[in-house]
*Asks:* 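Next up is a structure, given as C-alpha cells.
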Amino acid sequence: MSSGSRAPAEQLRVFADYRGPVREEADVAVVGSGPCGAVAARELATRGLRVVLLEEGPPLSARDIVLDGALSMTRTMREAGLRATRGTVMPTMQAIVLGGGSFVNSAICVRAPDFVLDGWCEVAELSATSRKDLDPHYDAVAALSGVAPTPDEVQGRRNLLFRDGCRALGIPSEPIERNVRGCRGSGECFTGCRSRAKQSADLTWIPDAMRHGARVLTSVQIQELLHERGRVVGVAGRVAEPFTGRLSHPVSVRARAVVLAAGVMATPVLLQRSGNLANRSGQVGENLQFHPGVAATGIYPEPTDPWFGATQGYQSLHFVRDGFKLETLWAPPGVMSVRTPGFGHELKRRLAEIRRSATFDAIASCHRSLGRVRARRRGLDPAITWRLHPDDVDILMRALHVLCRLHFAAGAEKVLPGVHGAPDELFREEEAEIFVRRRFGPGDLVTAGNHVFGTTRMHGDPRRGVVDEHGRCHDVENLFILDTGIFPRSPGVNPMLTGMALARRGAHALADQLGGRSAPEA
Amino acid sequence: MAPSGVVLLALALALVGAALALRGFAYPRPRPPGPGGGPWRHLGRMEVAFVEAAADTLFPPGGEIPPSGSEAGVAAFLDRYLDAVPAGVRRLMRLLLVLVEHGTLLFPAPGWNGFRRFSALSEAQRVAALDGWRRSRLFPRRLVFTSLRALLAMGYLADPRVLRALDLAPRDIEPVVTEVDLLYPPVGAGREAIPWTEADLDRGGHRPPLGPDTPLHPDYRDPTPAAGGGRA
C-alpha cells in the first residue's frame, strides 16, 4: 500500500523522545492505533486534516518480538494477557502495542454476511448499514491491507486436515482470507510476525497516515476527554513507560474533534472517567458481547508438524446462521497446553502427541450472553462482568460436536475435547454425541473470548444507543467512536474487517463534517 | 459475641497461625534461579519449594520428554514471569501458590499425614491432592487447578530442551527489513538505536515457506556439539 515515499520519522514520537510535558493541537485526535483507529487516522489524514494518533503501547520492532508465548503476552497484552471476566470467568485479551489487535491476531479478514448486517439494521433501526452499503468500504480496506486467500503452500498439514474433514462430511469450507504478504507459515501470528508478512496496522495504515501528515504519539495513556459546553475539545493523559506502564509527563491534545478507537473495554471506561460523557442513553458500557470459543484437538496417526503453517488457514461459514463459525487454530505451545488434560506421565505423553495434532475451533455468536464494562475506582483497567447464557452453552456444545466429527472424518485416532464432565479422550465419533445429548454448564467449558462488541453500540434511536451508524455520538456531535464497540451485536464472523470498514466510513463522515478536502480517488 | 467466644476465636486463630508458621519454617533455602546465580526476585523459599514439587508432579522425570518440571526450570521461569506482570496480578498468582500449598488443611491428601503442606507430601499424595483440585465438583477449585497447571505448563514449555523434544522449538527466520524497521527503534531506545539503513531494506522476492528442515532458532539449538539444526 506504500505510496512510494518513506513515512517521515519526525512525525513519530516514542517513549525516549519525551523530555517534559507534551502539548499538541490537531483537527482530530484519534485515541487507539488498532486496525480501526489506524484506518480512521489514515483516512482523515488523506482528507487534509491534521491528525494526531495516540497509542498507549510502544511500536515493536522485529527485534522486540519475544518467541515465548507467555512472556510475549506480558508485553503485548493489557494486564499481561491475564484479563478475565467476572460472572462467567473467561479470559479475554486486548492488545497494548502500536497496531493494537492487528499486531497479535491471526490476520483473519471476513466480511459480515448479508443476513447479519440486515439483522443489525433491524434490531438497531439503522438505514445504511447493509452489506451493499459497506461493500465499498470493505473493498477499500481489503485492497490496502493486502487481503487474499491463504495459499496451499503455507497451509501446513493441520489446516488441510480441516479441509479434508469438511470434504468428507460435505461441509463447505475455504482458505481463510488474511491481510498478509509473503507469509512463510511460521505459525507465530499471536506473538507478532517475525517475517513481517502480516500487514498489521503498524506496518501499513499507520506509516501511510504519517505519509499523509498524521503525527503518531506512542507510549501515551489517554485518561480523559476534555469537553466544554457539550463538545469535546481534546484529550489529556500521561506518558506511559513501555511494559511497566509507569506514568510520567502530562500530555494534552487540543482538537476540533475526537475519535475514540480505544477498544470495547477502554472506550467506555474513558467516557465514564470523563464525567459519564455521551451517555444520556445509559448504554455506555452496557450490551457487552463476546465470541466465546471452544476447541477440539485431534491426534492423527502421522506427524502434522503443527508449528508449521498459517496460524489459522482454513474456515467454514456453513454454520454461521446456526450461531457458530468453524476454523483451524495454532498458538504457542504453552498456550495450547492449557487444554491438554491430565498430569504426570499421562500429561507428558499427551504433550508428546502435539506433533501429531491439529486443533480446530469454533467461535459462537452468543446474543443472549450479555455483560457490562465499568471503570474501576483507580486506573483504566475495566471491571468486566459477563455471563454465558445456558442456551448459548448449547450452541457451543453443538459446535464442539461438529468439531469432533470433523476430526474423525479427517482420520483422527482420538479427539481431546477439553470439557469437564466429558471423557478426556474420545476414540469414536459416536462418543461425541455426549455434547448434544447431555446438558453442560458454563463452568464445564474451557473457553476464551477475544472478539468483543457492543459497549458503545450504534442505534438509530438516541435513547437506545451511544452512536449513530457513522459512529457519531448522539450526545456529542464532534465525538466519534470507531471501534468494534459500536457493533449492535455480534457480526457472526471475525470482526476486524467490519470494524475497519465502519471506521473508514465514519472517518469520511467526520471529514465531511470538519470540511476536509475531497476524498482522493481509491 | 460473648467474651468466651472471643477468647476461643483468638485461640483458634493463634493455633492456625502457629501451625502455618511452623509449616513455613521447614522450607530449605532454594538454589539460585539461573546459571548466573542471581537472587530470586519474587518467589520466596516456600513458593519455590511448592512450585518445584507441583511442577515435578505435573511433569515427572523420564518418559517421552526427559526433563522434569524442576529440571526444566519452571520455578525460575515463574520468577521471571512474575517480574513481567502487574503487581496486582502478581499478588494473586502468589496467593494461588500459597492456596494449593496449604490447601491440604481444607482438602487433605489421602493418608494419616495428608494434612501436611503439599510440598511435604509423598509423590502419590501429591498426585491425589492435585487430582482432587482437578476433578472437584466445585468450579472454583477446578479453576485453581486450571490456573496453576497453565502457569506451570507455560514454564515447562518455555524450556528449549522440552521444545526440542516435542519438535516445537521456534525456527530461525532471517530478518526481513521493511520500511517500519527504519522508523521504529527498539523499545525504550531512541531512533539512533535503529540498526538498519536503507541499504538493508528488503528488495522483495520469493521466500520459500518454512518446513521441518528449517534450522532451529539459535536460542533453541542443542548446545552439545553433536547436535544439528532442524528436527530435534
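Please read all numbers here as calculations on a predicted model, not as lab measurements. All values below come from the heavy atoms of this structure, side chains included, with hydrogens, waters and symmetry mates left out.
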*Asks:* Identify the residues of residues 87-98 of chain B whose heavy atoms come closer than 4.5 Å to a heavy atom of chain A, ordered by number, or report 'none'.
*Replies:*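 Within residues 87-98 of chain B, the residues under 4.5 Å from chain A are B:Val89, B:Met93.
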
*Asks:* Output yes when A:Asp444 and B:Arg142 qualify as a salt bridge under the 4.0 Å nitrogen-oxygen rule, no when they do not.
*Replies:*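 Result for this pair is yes, salt bridge flagged.
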
*Asks:* Taking side chain as everything from C-beta outward and backbone as N, CA, C, O, which of these in B:Pro140 sits under 4.5 Å from a heavy atom of chain A? Side chain, backbone, both or neither.
*Replies:*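 Contact with chain A is absent: no heavy atom of B:Pro140 under 4.5 Å.
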
*Asks:* Relative to chain B, which of A:Ser219, A:Ala80, A:Gly69 shows the most heavy atom pairs under 4.5 Å?
*Replies:*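 Answer, by heavy-atom pair count under 4.5 Å with chain B: A:Ala80.
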
*Asks:* May I ask you to name which of A:Val338, A:Thr218, A:Ile206 has the most heavy-atom pairs under 4.5 Å with chain B?
*Replies:*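 That would be A:Val338.
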
*Asks:* How far apart are the closest heavy atoms of A:Phe343 and B:Thr57, and which atoms are they?
*Replies:*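 Smallest interatomic distance, heavy atoms only, reads CD1-O, 4.1 Å.
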
*Asks:* Which atoms of A:Leu82 come close to chain B, meaning under 4.5 Å heavy atom to heavy atom: side chain ones, backbone ones, both, or neither?
*Replies:*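 Just the side chain, heavy atoms under 4.5 Å.
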
*Asks:* Under 4.5 Å, counting heavy-atom pairs only, tell me which of A:Pro341, A:Gly156, A:Gly441 racks up the most with chain B.
*Replies:*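 When all of A:Pro341, A:Gly156, A:Gly441 are compared, A:Pro341 has the most.
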
*Asks:* Taking NZ, NE, NH1 and NH2 as the nitrogens, is one of them in B:Glu174 or A:Arg194 under 4.0 Å from a carboxylate oxygen of the other?
*Replies:*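 Salt bridge absent between B:Glu174 and A:Arg194.
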
*Asks:* Taking the side chain as every heavy atom from C-beta outward, state whether B:Leu183 and A:Arg6 have any pair of such atoms under 4.5 Å apart.
*Replies:*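 No, too far: nothing below the 4.5 Å cut-off.
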
*Asks:* Find the distance between CH2 (A:Trp330) and CG (B:Leu168) and round it off to the nearest 0.5 Å.
*Replies:*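 Separation between the atoms: 5.0 Å.
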
*Asks:* If you define the side chain from C-beta out and look only at heavy atoms, does anything of B:Pro185 sit under 4.5 Å from A:Phe15?
*Replies:*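 No, too far: nothing below the 4.5 Å cut-off.
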
*Asks:* For A:Met336, which atoms come within 4.5 Å of any heavy atom of chain B: side chain, backbone, both, or neither?
*Replies:*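 For A:Met336, no heavy atom lies under 4.5 Å from chain B.
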
*Asks:* Rounded to the nearest 0.5 Å, how far does CG of B:Asp172 lie from OG of A:Ser186?
*Replies:*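 Between A:Ser186 OG and B:Asp172 CG, I get 12.0 Å after rounding to 0.5 Å.
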
*Asks:* Looking only at heavy atoms, what is the nearest atom pair of B:Ile65 and A:Lys348, with distance?
*Replies:*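 Reported closest heavy-atom pair: O-NZ, 2.6 Å.
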
*Asks:* What are the two closest non-hydrogen atoms of B:Tyr184 and A:Asp202, and how far apart are they?
*Replies:*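 Heavy atoms of B:Tyr184 and A:Asp202 come nearest at OH-O, 2.5 Å.
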
*Asks:* Please identify each residue that fulfils side chain to side chain donor-acceptor pair (under 3.5 Å) with B:Ser147, with sequence neighbours left out.
*Replies:*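 Applying side chain to side chain donor-acceptor pair (under 3.5 Å) to B:Ser147 gives none.
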
*Asks:* Considering only heavy atoms and a distance below 4.5 Å, find which of B:Asp56, B:Leu130, B:Thr146 pairs most often with chain A.
*Replies:*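 Maximum pair count with chain A is reached by B:Leu130.
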
*Asks:* How long is the span from the OG1 atom in A:Thr340 to the CZ atom in B:Arg149, to the nearest 0.5 Å?
*Replies:*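 A:Thr340 OG1 to B:Arg149 CZ: 6.5 Å, rounded to 0.5 Å.
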
*Asks:* Where do A:Pro242 and B:Val187 come nearest, in terms of heavy atoms and distance?
*Replies:*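 It is CB-CG1, 3.5 Å.
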
*Asks:* So for B:Leu151, is it side chain, backbone, both, or neither that comes closer than 4.5 Å to the heavy atoms of chain A?
*Replies:*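 Neither part.
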
*Asks:* Pick from B:Asp219, B:Asp131, B:Val177: which one has the most heavy-atom pairs with chain A under 4.5 Å?
*Replies:*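 Among the listed options, the one with the most contacts to chain A is B:Asp131.
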
*Asks:* If we only count heavy atoms from C-beta on, is the B:Phe139 to A:His420 side-chain gap below 4.5 Å?
*Replies:*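 Side chain of B:Phe139 against side chain of A:His420, heavy atoms only: no contact under 4.5 Å found.
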
*Asks:* Compare every heavy atom of A:Phe308 with every heavy atom of B:Leu210, then report the nearest pair and how far apart it is.
*Replies:*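 Closest approach of B:Leu210 to A:Phe308: O-CE1, 2.7 Å.
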
*Asks:* So for A:Arg75, is it side chain, backbone, both, or neither that comes closer than 4.5 Å to the heavy atoms of chain B?
*Replies:*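 When you check distances to chain B, no heavy atom of A:Arg75 falls under 4.5 Å.
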
*Asks:* Please assess A:Arg211 against B:Glu179 for the test salt bridge (Lys or Arg N to Asp or Glu O under 4.0 Å), listing each intermediate value before the final yes or no.
*Replies:* CA-CA 12 Å; A:Arg211 259 180 234 114; B:Glu179 177 194 6; 2.6 Å; yes

*Asks:* Heavy-atom distance under 4.5 Å to chain A: side chain of B:Leu138, backbone, both or neither?
*Replies:*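 Contact with chain A is absent: no heavy atom of B:Leu138 under 4.5 Å.
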
*Asks:* Would a distance-only check, ignoring hydrogens and angles, find a side-chain to backbone donor-acceptor pair under 3.5 Å from B:Arg207 to A:Gly182?
*Replies:*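 Not confirmed, B:Arg207 side chain does not pair with A:Gly182 backbone.
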
*Asks:* Hey, are B:Asp181 and A:Arg63 close enough for a salt bridge, meaning a charged N less than 4.0 Å from a carboxylate O?
*Replies:*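 The answer is no: the pair does not qualify as a salt bridge.
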
*Asks:* To the nearest 0.5 Å, what is the distance between CG on A:Leu351 and CG on B:Leu157?
*Replies:*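 Reported to 0.5 Å precision, the distance equals 5.5 Å.
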
*Asks:* Go through B:Pro186, B:Ala193, B:Gly190 and name the one with the most non-hydrogen pairs under 4.5 angstrom from chain A.
*Replies:*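 Most pairs with chain A among the choices: B:Pro186.
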
*Asks:* Can you tell me which portion of B:Ala84 sits under 4.5 Å from chain A's heavy atoms? Options are side chain, backbone, both or neither.
*Replies:*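 B:Ala84 touches chain A through backbone and side-chain heavy atoms alike.
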
*Asks:* Can we say A:Glu10 and B:Arg191 salt-bridge, meaning some charged N sits less than 4.0 Å from an Asp/Glu carboxylate O?
*Replies:*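 No, no charged N to carboxylate O under 4.0 Å.
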
*Asks:* Using heavy-atom distances under 4.5 Å, tell me whether A:Pro333 contacts chain B through its side chain, its backbone, both, or neither.
*Replies:*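 Both backbone and side chain.
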
*Asks:* Any side-chain heavy-atom pair from A:Pro332 and B:Met154 closer than 4.5 angstrom?
*Replies:*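 No, too far: nothing below the 4.5 Å cut-off.
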
*Asks:* What are the two closest heavy atoms between B:Val180 and A:Pro207, and how far apart are they?
*Replies:*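 Smallest interatomic distance, heavy atoms only, reads CG1-CG, 3.6 Å.
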
*Asks:* Does A:Arg184 reach the side chain of B:Ile173, with side-chain heavy atoms less than 4.5 Å apart?
*Replies:*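 Yes; the side chains approach each other to less than 4.5 Å.
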
*Asks:* Using a 4.5 angstrom heavy-atom cutoff, name the option from B:Gly62, B:Ala158, B:Gly63 with the most pairs to chain A.
*Replies:*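 Looking at each option in turn, the highest pair count goes to B:Gly62.
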
*Asks:* Heavy-atom distances under 4.5 Å only: say whether B:Pro67 touches chain A with side chain, backbone, both or neither.
*Replies:*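 The backbone, not the side chain.
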
*Asks:* Quick check for you: among A:Gly421, A:Gly334, A:Ala197, which has the greatest number of heavy-atom pairs under 4.5 Å with chain B?
*Replies:*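 The option with the most such pairs is A:Gly334.
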
*Asks:* Go through the steps to decide whether B:His217 and A:Leu67 satisfy the test side-chain contact (heavy atoms from CB on, under 4.5 Å), and finish with yes or no.
*Replies:* CA-CA 10 Å; B:His217 186 280; A:Leu67 294 175; 3.5 Å; yes

*Asks:* Which bit of A:Asp68 comes within less than 4.5 Å of chain B, counting heavy atoms only: side chain, backbone, both or neither?
*Replies:*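 Both parts, backbone and side chain.
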
*Asks:* For A:Glu241, is it the side chain, the backbone, both, or neither that has a heavy atom closer than 4.5 Å to a heavy atom of chain B?
*Replies:*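 Nothing of A:Glu241, per the 4.5 Å heavy-atom cut-off to chain B.
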
*Asks:* Check this for me: does any side-chain nitrogen of one of A:Arg181 and B:Asp202 sit under 4.0 Å from a carboxylate oxygen of the other?
*Replies:*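 So A:Arg181 does not pair with B:Asp202 through a salt bridge.
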
